[in-house]
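Taking it in order: structure first as structure tokens, then the write-up.
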Number of protein chains: 2
Amino acid sequence: MNRSNEFTSHQSIVSGADFLHLAIDEAPSGGKSEWLTQQIRLALADGRLPVGSRLPATRVLADELGVSRGVVTEAYQRLVEDGQLAGRGRNGTIVVGAPATTAAAKPPRPARPPSPRSVFAAAPQADVFDAMRMARARIDLSPGLPDLAAFPRAAWLRAERRVLDRLAASDLGYGDPRGTPALRLAIVNWIARNRGIRADPGEVLVVAGTAQSLTLMGQVLHSDGISAVAMEDPGSLGARQHLNNCQLDTPPVAVDSEGVRVDDLRATGAAAVFLTPAHQFPMGVVLRGGRRSELTHWARESGGLIIEDDYDAEHRYDRAPVPALRSVLAENVFYAGSVSKLLAPALRIGWLLAPRKYRDALVDAKRFADLGNAALPQLVLARFMESGEMERQLRHLRRHHRRRRDAMIEAVGTHLPGATVHGTAAGLHLTVTFKAGFADTDIAAAALARDVKVHPLSWHCQRSRQPGLVLGYAASTPTNISEGVATLGAVLRQLS
Amino acid sequence: MNRSNEFTSHQSIVSGADFLHLAIDEAPSGGKSEWLTQQIRLALADGRLPVGSRLPATRVLADELGVSRGVVTEAYQRLVEDGQLAGRGRNGTIVVGAPATTAAAKPPRPARPPSPRSVFAAAPQADVFDAMRMARARIDLSPGLPDLAAFPRAAWLRAERRVLDRLAASDLGYGDPRGTPALRLAIVNWIARNRGIRADPGEVLVVAGTAQSLTLMGQVLHSDGISAVAMEDPGSLGARQHLNNCQLDTPPVAVDSEGVRVDDLRATGAAAVFLTPAHQFPMGVVLRGGRRSELTHWARESGGLIIEDDYDAEHRYDRAPVPALRSVLAENVFYAGSVSKLLAPALRIGWLLAPRKYRDALVDAKRFADLGNAALPQLVLARFMESGEMERQLRHLRRHHRRRRDAMIEAVGTHLPGATVHGTAAGLHLTVTFKAGFADTDIAAAALARDVKVHPLSWHCQRSRQPGLVLGYAASTPTNISEGVATLGAVLRQLS
């Protein structure tokens, strides 16, 4: 392999004639090279020149801009010295380095704030969330990601080759908006084996992840005259935002050590509730026993609807599986699952099983949303699920994630001695709470200033008020986990 | 290759324990084998057992059901005789035959109706459309599909291998809802080369096809207080339904031999209009010269918005390219394109460029819809576009489609001598109109009864009333085109 091949991943040859739509008139005379350097930096930052792009030859660009070749050569040289460009031989000049900031192409990572409080305390809540959610850090302990490095690339490619070998041409046309029959069958088998749900493939709607499930359900429930979906408190901020966006109120329902408080749910009068029964997000409680019976009673008695977000139920370490609520309450439960925590969020594949009454409306909503998921990834996933690859991946992730969880528990014990730890028996994150006299957003902001990103618990709270942090461990190495939590400890000592 | 490999396309090993969730209690005593045959037939029909599925061994299933092995053997044998199952050797019993009807898994193809009129004339318009749209026929001349057999499977797989080889793990997480930087750059380059549009990757929103573009725009325009989007008449029924679903009226605007009637557009008072300027759907007119200036004037003067559905502009045969309206009216035009006609609708990838004012709202709408398109297919497509594979595919399709178009023109000349032919210089379909005293739905229904599917022009009409047929040629072989049009000729002679 020659050197140029190393950079061909997203390689594109950018024509000099159109290169970045540069308007040389804007360059100060005497500062043309500086100006050009800056223009290219901006293009590197906002994604117009991704890693692997090839720049025009210096001679071509100089001609195009009407400047001397030295102007272009100097600009390229500076960026080579910055580590952002490489080459300049026969293979041309190629973008090799990720930019320090990526303003437009990816959400910007703010420069280290001199006073983190100014970012996280002064701005309104929504802006704080946006700034923080978009921030990137060297050690990212945000919840919600599996180990992405464990994605089984070779097996995925093998499955894709097989699917492409055997595909009928008609499979490449407009398909069933509910999804391909093969994947719907595979999903039914998967949730039967792993979640105790018996369903017919005809009940399955393949969707673009649980975010889409929430929006489709939100539209359909709102059209059905439902104005509120009660939410666990603490509960997922992302889910709440999706439901609110469908003009649904989300009255909070307290969560205690046994799970969602059904008396509190009754008190809201809401006709529907959003729940994470298998591993409550973010507190990690499992809903079972008496509380589960109470909830079942509520649903049967009032016809109450439950949105069951089964987001990480396959990931359990020290306890027996708990069957999905859907397995006992088929006509009350919207059951939402996805491969985001099993394979990768970037696949954007999930599934939704709905009470019979809402199925046709949901299929219509999906059809109007996008006519149905793309076919190839569905067929590849079906093969993955049916061939045993998916179970293999899950076993691998479990071993892997358990080690990382143990590293997190150990680090929390060492560095956050006053914290209470919640929800360690399953999932991809744990939550710690403090008896502290400061806001958890202050901890998160100070940690971010030290290049460690965590979710403050308060983001996921409505009424509830206990400072805490939601700490994802699955996507970080034990070393990074340990270092990240040590940083949190240092921050806490500083704030106390 | 041994025989079993021939059937592994969607092969799945269905566990006997859960097989079809059979409840043997429901079987009449003395009729267990008949009952089991029927249960399996249902599962074949509704997609629970797709072609390639492997059935449980007779011994395993018999044990599971608590019946004698002969009951299962007999049921399998009947289905082997029907041609739906094969094997029963060491490789097990495998589904090989498509079911006669596929009730749940795919929309049913109605049995040949004894009186087509009863289906297409008696039912209300919406039901007629649904029945017909879902009907399948041996020769399908519906518009809107490229030659799906020409999908470059090997090249796609090569590109995917390369992407998987070089992917960063973080690319598998939650990405930018606007799409990956690499694809947005590739799209900008593609539409610059092929559609005369100069844009920045920051302006591109990657979407799940034009259907999603329409729904996102519909939501955003409706939220902005716009109540109506005028529609070309005739114009795409599918686009109209999508806009109507967003609570937008779609007042009709006449189309004549020069394209959309701008005086008629002014008369509607609508603030926005949906157009197909490069190759009007379904009439095939190109909007240029005076009419194009008039439209530009309308947009500039009134701030009018244009949804430019550039659905098949790359496919042209006998004429020079016409730049997209977007290239001259960036702040008035929502520009929607996709790969559905270039590669395959099943990829569900398209792009939307919007006036600056609406961009943020569209990104939000996309985020709430599905958090952004799946990453892998975006990266593969980016590579495809930037490596020249996409142009190669387009050149191949042009040659291929031109031959099919010529076959269609010849067949129409031979078999439909009284018809006027429209829009042959570009696209994937042509339209014929008649001076006839009967409804075009009658022609389409009678043709469907003879296993030939076409779109009656009236489906795509609001006020306009000229009987005609919209005939897709790109997805059918010259032989089928010739036979299909001959059938239309026979039907016309019969109805005249």
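Below, chain A is the first sequence line, B the second, and so on; all start at residue 1.
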Mind checking what makes side chain to side chain contact (heavy atoms under 4.5 Å, CB included) contact with Ser223(B), not counting sequence neighbours?
none
Between the side chain of Gln378(B) and the main-chain N/O of Thr180(B), is any donor-acceptor distance below 3.5 Å?
yes
Could you look at Gln219(B) and say if it's the side chain, the backbone, both or neither that has a heavy atom under 4.5 Å from chain A?
side chain
For Gly218(B) and Leu248(B) the tightest heavy-atom approach is CA-CD1, 3.7 Å
State whether the number of non-hydrogen atoms from other residues, nucleotides or ligands found under 6.0 Å of Asp165(B) atom CG is greater than 12.
yes
Sort Asp364(B) into side chain, backbone, both or neither according to what part of it lies under 4.5 angstrom from a heavy atom of chain A.
neither
Largest heavy-atom contact set with chain A, pairs under 4.5 Å, which of Asn373(B), Leu172(B), Leu376(B)
Leu172(B)
Output every pair passing side chain to side chain donor-acceptor pair (under 3.5 Å) with a member in residues 203-218 of chain A, not counting sequence neighbours, ordered by first then second residue.
Glu203(A)-Arg326(A), Gln212(A)-Lys366(A), Gln212(A)-Asp370(A)
Could you please state which residues from residues 146-153 of chain A sit under 4.5 angstrom from chain B, measuring non-hydrogen atom to non-hydrogen atom, sorted by number, or 'none'?
Leu148(A), Ala149(A), Phe151(A), Arg153(A)
Cut-off 4.5 Å, heavy atoms of chain B, and the answer for Ala168(A) is backbone
Where do Tyr174(B) and Ser340(A) come nearest, in terms of heavy atoms and distance?
OH-CB, 3.8 Å
Heavy-atom distance under 4.5 Å to chain B: side chain of Ala382(A), backbone, both or neither?
neither
Residues in side chain to side chain contact (heavy atoms under 4.5 Å, CB included) with Asn244(A), at least two apart?
Arg240(A), Thr250(A)
Say you draw a straight line from CG of Asn189(A) to CD of Glu386(A); how long is it, rounded to the nearest 0.5 Å?
4.5 Å
Taking it one step at a time, do Leu381(B) and Met390(B) satisfy side chain to side chain contact (heavy atoms under 4.5 Å, CB included)?
CA-CA 9 Å; Leu381(B) 179 60; Met390(B) 192 85 155; 4.2 Å; yes
Taking side chain as everything from C-beta outward and backbone as N, CA, C, O, which of these in Leu145(B) sits under 4.5 Å from a heavy atom of chain A? Side chain, backbone, both or neither.
side chain
